[in-house]
Amino acid sequence: MTVRVRIAPSPTGNLHIGTARTAVFNCLFARHHQGQFILRIEDTDLERSRPEFTENILEGLKWLGLNWDEGPFFQSERMELYRQKIQALLVQGLAYRAYDAPEELEAMREVQKANHEAPRYDNRHRDLTAEQEAAFKAEGRKPVIRFKIEDDREIAWTDLVRGKVSWKGRDLGGDMVIARASEGSDIGQPLYNFVVVVDDIDMKISHVIRGEDHISNTPKQILLYEALGTAVPEFAHTPLILNQAGAKLSKRDGVTSIADFQAMGYSAEALANYMTLLGWSPPEGVMEEIFSLDQAAQHFSFDRVNKAGAKFDWDKLNWLNGQHLRRLAPSELSQQLLPVWQAAGYEVPDDAVWLEGLCVLLGQSLNRTTEAPAMAQTFFVEPTFEQEAVDHLKQPNVGIIIQTFEKLFREWEKEDLPMQEDLWKKLEEKIQAAIHEQISALGVKKGLVMKTLRMALTGTKSGPELVPTIALLHAHKEVAKRLTQANKIIASMSGSADT
RNA sequence: GCCCCCAUCGUCUAGAGGCCUAGGACACAUCCCUUUCACGGAUGCGACACGGGUUCGAAUCCCGUUGGGGGUACCA
C-alpha cells in the first residue's frame, strides 16, 4: 500500500507549533515509507480565514524543511465537490434538512443541561412530513443539513498510537450538521467534519495523522466514510504539546508561532528536532537525540510515539539549538551570523577568513543567533568602559602592562598577516608566547596581565576567550589603537586624582 | 455535567512480566578545564500517583480510586 498523508492547517492564524509538530510527524511518516505528503488548506470558514495566514503557513512549513509533494489544495475551491456529495447523501436519505432556529436549539440545550444530560440534538427534524417542511419554509426558516447518526451504533478503530478506541453513537451529540443554513433548496457552506472526509477520500489519504484533540471527531468521520461508501483510513492521534500548566498550548501562551521562534534566533533544524522529541523518542543505541529530519525519518514509527501530552520546555530547546549551532561548519555559521550582525547595524568587514575566525570563537558559547550581536559587539564597536574596568585600570602596574603591549602590537602591525590555513592558531600561539614572556619580564601575575588586557581592549570584565579575541582584533589593527586609548584614560584619571 | 484519552525523576523520555539496585537527555548542585562568562569533561540530586487483584515474580497485565488533559458548535 502506498502511504499518503496530509497536513491540513486552517488559515485562521499563523503557523502554530502544534500544527507544525503534526506536520513533522506526517512528513516523517511519509518519508519513512516513501509515501506522499500532501498540503491542504482548510479554509471553509470564510469569516476567519485570511490569505496572509495561508502565506505564513506555507512559508513556515518551507522554512522547517517540511516540503510537501502535492498541493497546496484549497477547500474553498472545492465547494462543488462537497455539494455534490451532500446532495448524494440527501438523495440516499442519509442526511436531511433541519429547520430549527438557533434559539430553539439553545433552549433545548438549556433543558438538557438542567437535567445533567449531555447537550445533544434530539433529531427532532429527522422525519419531517412534506407539510411540516413546507410550513417551515413558508415561515422563511433557513435549513441546515444534518447527517443521521444512530444512537445504537458502536464505532471503533485501532489507533496507531493508542490502540483500540471505541465510541457509542449516542455520545456523538445527535445528527450532525454537515452544511450551514442556506436559502430554500440550496446547500449551505459545508462544515469541517464533512469536507475533511470528502477530501481525504478524494486525495486517497491512507493515514490520518493529527493531534489528540481530534479523537472525538474520528467516530463521526468514520460514519461519514461508511455513508460515502469508502474504506476507512488508518488513524494516528498524537499527544498534544502542553504549556507550563499542563493545558493545550495556545496562542495565549505567548510565543507559539513558528515565525516567532524564527525571529528569536532558533534554527529550523533545531526546532524540528525539538518538536519531534516532544512525543517521539529515537531508538536507543542507533541514534542520539540530536538529529536531522532525514535521520529521524529513517527510524520513525508510531511504536515510539508516546501517548501522554508533553510540556514545552524552553531550556531543552535552547540547549538543542546550541548543539545544532555547534555542529555547523565555520562557513555555515558565518552565513547565519552575517545577516544578524548586519541587521544589528554593524559594519561587517568583507573578510571571510576573519569572519569565520570570529564565528568559531563565538559559536562555542552561542545558543541562539540573536545572541550574536551582543556577543560580538566588542569586535564591531569601539569599547565603552564599565566602572569596574575603569577601577581596574587605576591599579598600579597596569599602566606599564598596557604600554608594553601597545608597543609590541604597534611593531607587529607593521608586518602583514600570513595567509595560511592555521592562521589563527599560529597567531594565538604567538600572542600566548608574548604574554608569557612579558609576565616574567615585568614580574607580574598572569591574572593581572589577562585582566588588564581584557579590560583595556574590551572595556568589560567578561567575554569570549581572550587570546583569540586579541588575535581577531589584531588582524584588523585594533589592538595597539585600543591600548593607546586605554592609556589616555589612565593618564586623565591620575591627573585628576593628584589635584 | 456527559463522553473519550492519559498517568515513570522538576521537564522530555527508555522500559512489551524476571535483564530494574528503574537507563538516558534537559534543568539543578559540586568539582575539573579556564583571566572571566559560556562551551566541554566528571560526579551527584532526583520518579514507577494510590489501592486492590493475576503471577513463583509486576513500572510492565486486569479492576477500581485519584489526578491531569481533550471534546462536547450552523469553528477547524
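Here is the naming used below: chain letters follow the sequence lines, and residue numbers restart at 1 for every chain.
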At under 4.0 Å between heavy atoms, how does the protein contact nucleotides 43-51 of chain B? Give one character per nucleotide, 5' to 3', with B, S or -. ---------
Could you run through nucleotides 17-29 of chain B and give me one letter per nucleotide, 5' to 3': B if any protein heavy atom sits under 4.0 Å from the base, S if only the sugar-phosphate is that close, - if neither? ------B-BSS--
Residue matched to [N] through Watson-Crick or wobble contacts both under 3.5 angstrom:
{"N": "U54(B)", "result": "none"}
{"N": "G44(B)", "result": "C28(B)"}
{"N": "C20(B)", "result": "none"}
{"N": "A49(B)", "result": "U65(B)"}
{"N": "A38(B)", "result": "none"}
{"N": "G1(B)", "result": "U72(B)"}

[Y] versus [X], side-chain donor and acceptor atoms under 3.5 Å:
{"X": "Trp319(A)", "Y": "Asn321(A)", "result": "no"}
{"X": "Gln221(A)", "Y": "Asn193(A)", "result": "yes"}
{"X": "Ser292(A)", "Y": "Gln295(A)", "result": "yes"}

Send over the distance from [X] [atom1] to [N] [atom2], rounded to a whole Å.
{"X": "Glu212(A)", "N": "G69(B)", "atom1": "CD", "atom2": "P", "result": "12 Å"}
{"X": "Leu361(A)", "N": "U36(B)", "atom1": "CG", "atom2": "C1'", "result": "13 Å"}
{"X": "Asp100(A)", "N": "C74(B)", "atom1": "CG", "atom2": "P", "result": "10 Å"}
{"X": "Tyr192(A)", "N": "A76(B)", "atom1": "OH", "atom2": "P", "result": "9 Å"}
{"X": "Met108(A)", "N": "A73(B)", "atom1": "CE", "atom2": "C1'", "result": "11 Å"}
{"X": "Arg48(A)", "N": "A73(B)", "atom1": "CZ", "atom2": "P", "result": "14 Å"}
{"X": "Lys251(A)", "N": "C75(B)", "atom1": "NZ", "atom2": "P", "result": "16 Å"}
{"X": "Leu278(A)", "N": "C6(B)", "atom1": "CG", "atom2": "P", "result": "18 Å"}

Could you pick out which residue, Leu191(A) or Trp280(A), lies toward the 5' side of RNA chain B when each is mapped onto its nearest nucleotide?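 Between the two, 5'-proximity favours Trp280(A).
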By nearest nucleotide on RNA chain B, pick out whichever of Asp303(A) and Gly447(A) is the more 5' one.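 Of the two residues, Asp303(A) wins.
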The side chain of [X] is closest to which nucleotide in this list: [options]?
{"X": "Arg454(A)", "options": "C74(B), A7(B), U36(B)", "answer": "U36(B)"}
{"X": "Lys311(A)", "options": "U11(B), C39(B), G70(B)", "answer": "U11(B)"}
{"X": "Lys446(A)", "options": "C39(B), U35(B), C6(B)", "answer": "U35(B)"}
{"X": "Ala310(A)", "options": "U13(B), A76(B), C3(B)", "answer": "U13(B)"}
{"X": "Leu240(A)", "options": "C4(B), A76(B), G69(B)", "answer": "G69(B)"}
{"X": "Arg326(A)", "options": "G40(B), C74(B), C2(B)", "answer": "G40(B)"}
{"X": "Val165(A)", "options": "U35(B), C39(B), C4(B)", "answer": "C4(B)"}
{"X": "Asp45(A)", "options": "G69(B), C75(B), G71(B)", "answer": "C75(B)"}
{"X": "Pro119(A)", "options": "G1(B), G70(B), C74(B)", "answer": "G1(B)"}

Compare side-chain N and O positions of [X] against OP1 and OP2 of [N] and report whether any pair is under 4.0 Å apart.
{"X": "Lys113(A)", "N": "G1(B)", "value": "no"}
{"X": "Arg304(A)", "N": "G15(B)", "value": "yes"}
{"X": "Ser281(A)", "N": "A14(B)", "value": "yes"}
{"X": "Thr44(A)", "N": "A76(B)", "value": "yes"}
{"X": "Asn306(A)", "N": "A14(B)", "value": "yes"}
{"X": "Gln432(A)", "N": "U34(B)", "value": "no"}
{"X": "Arg109(A)", "N": "G1(B)", "value": "no"}
{"X": "Lys248(A)", "N": "G71(B)", "value": "yes"}

Hey, are [X] and [Y] close enough for a salt bridge, meaning a charged N less than 4.0 Å from a carboxylate O?
{"X": "Asp200(A)", "Y": "Arg40(A)", "value": "yes"}
{"X": "Lys248(A)", "Y": "Asp213(A)", "value": "yes"}
{"X": "Arg48(A)", "Y": "Asp45(A)", "value": "yes"}

Taking the cut-offs as 6.0 angstrom to the six-membered ring centre and 45 degrees off its axis, would you call Arg146(A) and Tyr121(A) a cation-pi pair? yes
Arg368(A) to Tyr266(A), cation-pi by 6.0 Å centre distance and 45° axis angle: yes
Leu81(A) side chain near Lys85(A) side chain, heavy-atom distance below 4.5 Å: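 Yes, their side chains come closer than 4.5 Å.
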Evaluate the side-chain proximity of Asp199(A) to Tyr82(A): yes if any heavy-atom separation is below 4.5 Å, no if none is.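 Side chain of Tyr82(A) against side chain of Asp199(A), heavy atoms only: contact under 4.5 Å found.
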Work out how far the [atom1] atom of [N] is from that of [M], and round it to whole angstrom.
{"N": "G57(B)", "M": "G40(B)", "atom1": "C1'", "result": "44 Å"}
{"N": "G41(B)", "M": "C9(B)", "atom1": "C1'", "result": "23 Å"}
{"N": "G68(B)", "M": "U11(B)", "atom1": "P", "result": "14 Å"}
{"N": "C32(B)", "M": "C37(B)", "atom1": "P", "result": "13 Å"}
{"N": "C61(B)", "M": "A38(B)", "atom1": "P", "result": "44 Å"}
{"N": "C50(B)", "M": "G10(B)", "atom1": "P", "result": "13 Å"}
{"N": "C12(B)", "M": "G70(B)", "atom1": "P", "result": "15 Å"}
{"N": "U55(B)", "M": "C28(B)", "atom1": "P", "result": "48 Å"}

Can you find an N or O donor on one side and an acceptor on the other, under 3.5 Å apart, linking the side chain of Arg162(A) with the base of C5(B)? no
For a quick test of your reading: what N or O donor-acceptor pairs under 3.5 Å do the side chains of residues 460-473 of chain A make, sequence neighbours left out?
{"unit_1": "Thr460(A)", "atom_1": "OG1", "unit_2": "Ser462(A)", "atom_2": "O", "d": "2.8"}
{"unit_1": "Thr469(A)", "atom_1": "OG1", "unit_2": "Glu465(A)", "atom_2": "O", "d": "2.5"}

Under 4.0 angstrom, heavy atoms only, what part of the nucleic acid is Pro464(A) near: base, sugar-phosphate, or nothing? base
Full working for side chain to side chain donor-acceptor pair (under 3.5 Å) between Asp313(A) and Tyr274(A): CA-CA 10 Å; Asp313(A) 179 27; Tyr274(A) 182 63; 5.2 Å; no
Other residues, nucleotides and ligands only: do more than 12 of their heavy atoms fall within 6.0 Å of CD on Glu139(A)? yes
For the residue pair Phe29(A) and Phe302(A), categorise the inter-ring angle as parallel (less than 30°), tilted (30 to 60°) or perpendicular (more than 60°).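 If you compare the ring of Phe29(A) with that of Phe302(A), the planes turn out tilted.
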